[in-house]
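Counting from 1, the numbers follow the sequence of the chain as shown.
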Amino acid sequence: VQLQAFGGGLVQAGGSLRLSCAASGLTFSIASMAWYRQAPGKQRELVARAISAGSTNEADSVKGRFSISRDNAKNTVYLQMNSLKPEDTALYYCNADYYGRGFWGQGTLVTVSS
């Protein structure tokens, strides 16, 4: 299983970014996909999850600003991030939960300037 995340960058507070994660080597439609993030000096935390059945959930810290979606035809999961805040600055990782095993992408850096 390979996960390639991209779309990070530098953005001003209040701006938007969309992250993408392309998956290969798995039956994407049955995998639970998620985005995590890790800020400097902090533990990795769950940002949002899109399970195979189509339901999604987001962490309270990003609810109403971020949304996760998936395109099973393209084997891709997205994270739309709006109203970005400096505290959203982190490495964002794509995760696949596939048959009980977790797989990680390489991370894409999001930096939000104030």
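In this structure, the side chains of W104 and R44 come closer than 4.5 Å at one or more pairs of heavy atoms. Side-chain atoms of R37 and D88, non-hydrogen and from C-beta on, do get closer than 4.5 Å to each other. A 4.5 Å side-chain heavy-atom check between S32 and R49 finds at least one atom pair inside the cut-off. Two residues are said to be in side-chain contact when any heavy atoms from C-beta on lie closer than 4.5 Å; S20 and K74 fail this criterion. L3 places none of its side-chain heavy atoms less than 4.5 Å from the side chain of Y93. At a threshold of 4.5 Å between non-hydrogen side-chain atoms, the residues V112 and K85 do not count as touching.
With N82 contributing its side chain and F66 its backbone, the two residues share no donor-acceptor pair below 3.5 Å. Counting only distance, with no hydrogens or angles, the side chain of Q4 and the backbone of G105 share no donor-acceptor pair below 3.5 Å. Distance alone, capped at 3.5 Å, is enough to place a donor-acceptor pair between the Y98 side chain and the T27 backbone.
For the residue pair L17 and L84, the shortest heavy atom distance occurs at N-CD1, 3.9 Å. Of all the heavy atoms in L10 and S113, the pair that sits closest is CD1-CB, 4.3 Å. Shortest non-hydrogen contact noted between Q38 and A90 is O-CB, 3.4 Å. For L46 against A34, the heavy-atom pair with the smallest separation is CD1-CB, 3.9 Å. Closest heavy-atom contact between S16 and Q80: CB-NE2, 4.0 Å. Counting all heavy atoms, side chain and backbone alike, I30 lies closest to Y99 at CD1-OH, 3.4 Å.
Atoms CE and CG, from M33 and N72 in turn, are 10.0 Å apart once rounded to the nearest 0.5 Å. Annotation: the span from F103 atom CZ to N95 atom CG amounts to 9.5 Å, rounded to 0.5 Å. The OG1 atom of T108 sits 9.0 Å away from the CZ atom of F6 when rounded to the nearest 0.5 Å. Expressed to the nearest 0.5 Å, how far OG of S69 lies from CG of L79 amounts to 8.5 Å.
One hydrophobic cluster holds both I68 and F28 under the rule that ILVMFWY side chains link at heavy-atom gaps under 4.5 Å. Linking ILVMFWY side-chain heavy atoms closer than 4.5 Å, directly or via other members, places V47 and L91 in two distinct hydrophobic clusters. Under a hydrophobic clustering in which Ile, Leu, Val, Met, Phe, Trp and Tyr are joined whenever their side-chain heavy atoms come within less than 4.5 Å, directly or via other members, Y36 and I51 fall into different clusters.
For E87, the CD atom counts as densely surrounded, since its 6.0 Å shell holds more than 12 non-hydrogen atoms of other residues, nucleotides or ligands.
Sorted by first and then second residue, the disulfide bond (SG atoms under 2.5 Å apart) pairs with a member in residues 14-88 read C21-C94; sequence neighbours excluded.
A salt bridge links D60 to K63: at least one charged side-chain nitrogen sits closer than 4.0 Å to a carboxylate oxygen.
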